[in-house]
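Throughout, residue positions are numbered sequentially from 1 according to the sequence presented. Owing to the predicted nature of the structure, the values given are computational and were not obtained by experimental measurement. All ligand and atom numbering here is 1-based and tracks the order in the structure.
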Amino acid sequence: MKHLIDPTDLSKEEIDQIVALAEDIIAHRERYQGSMAHKKLATLFYEPSTRTRLSFTAAMMELGGNVLGFSNPQNSSVSKGETVQDTVRVVGCFADIIAMRHPIEGAPLVATEVSRVPIINAGDGSHSHPTQTLTDLLTIKRELGHIDGITIGFCGDLRFGRTVHSLIKALSRYQDIKVVLIAPDELRLPDYIKQDVCDKMGVQYRETNSLDEAIPELDVLYMTRVQKERFLDEDEFDRVKDSFVLDARRMALAKQKMAVLHPLPRVNEILTEVDDDPRAAYFRQVENGKFVRMALIVSLMEWKNDPEHGMPEHEAPIHNPALHCTNPKCICNNEKHEPLFRNAENGITRCWYCDSKVR
Ligand code: NCD
């Protein structure tokens, strides 16, 4: 069965297929209206969300299906201490497909170990957000006409921004992608993305802390919010929160065809004076999110019993009781799961669930 936990669970061909299907849905909406009739999507949201949850809901409704679930775990058995795996076993008796958002990294991955229906990761902690990635890829394709060959700048919170991590992973499989990482020192991209993704896949990247310096060369500017809820230290948050703001003056330095993306919500990193600029694509991006989720639901339901579309093969995980994952937000430190590890680039060992470096 196919689940979507990490963008690399989909092959490049499968991603292109989903993006193409989303474009077909946009062109012929009426053809898809009843395609999920009598099917149910469960949305299990253990963390706040407006766009992602409503976008899944709207997607399933537009396909003629139904939606059940919770948006506040306090109203479910989770508040009684139920594990993620038990919740998923139960919900799999009611629903045909599950979208899950969780503050704990690796939670959707452990859900796949017991689920009898496809699981979609709708965001796990600072780790991954593959459906935002599909949204971003469709948006780039529609705004610029192509994905190969782009120079993309990621600006803001590259450390905790899961949408950035997932999009870089997905882009690493396209041709001639150049990445410019624009962030203050405190919010730089985690090493595992630089080493295991960029270095390994040959993605050219450079780091800078000046948006003014980087903006003229970009085809896509991907803005992000500083993730206040993931900071352990309030003072550190206050120091960086206004670091990089996009305004009309900076837009004047950019290419005429650049596209500005933002997964939203924005706080103050894009001034509203930019909204009417034709290059501001972030509200179009929201709508693309619904279409790409329609395409994803249709594809995963179709692929459910198709051996051609299984999960990718990975090396077996390493069992070693002497190793520990030190990430307090990892599932193996929050529920009873045997700590597992994998060998990564440069002789580094990483947690199987959350990708943190193991010391
Ligand atoms: C993002 C998220 O939740 O990771 N939003 C979204 O899914 N559209 C980005 C964010 O919260 O800043």
A.B. asks: Under the rule for salt bridge (charged side-chain N to carboxylate O under 4.0 Å, His left out), what residues qualify as partners of Asp199, not counting sequence neighbours?
C.D. replies: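 None.
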
A.B. asks: Check salt bridge (charged side-chain N to carboxylate O under 4.0 Å, His left out) between Lys141 and all other residues, then give those that pass, not counting sequence neighbours.
C.D. replies: Glu23

A.B. asks: Quick one: does any side-chain atom of Asn66 pair with a main-chain N or O of Lys40 as donor and acceptor, under 3.5 Å?
C.D. replies: no

A.B. asks: List the residues meeting side-chain hydrogen bond (donor to acceptor under 3.5 Å, both in side chains) with Tyr282, not counting sequence neighbours, and say none if there are none.
C.D. replies: Asp275

A.B. asks: Counting only heavy atoms not in Glu308, do more than 12 fall under 6.0 Å of its CD?
C.D. replies: no

A.B. asks: For ligand 1, give me the residues whose heavy-atom distance to it is below 4.0 Å, by chain and number please.
C.D. replies: Arg51, Thr52, Arg101, His129, Gln132, Arg162, Thr163, Arg225, Gln227, Pro263, Leu264, Pro265

A.B. asks: Looking at Phe56, does the NZ or CZ of Arg293 lie under 6.0 angstrom from its six-membered ring centre and within 45 degrees of the ring axis?
C.D. replies: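 So Arg293 does make the cation-pi contact.
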
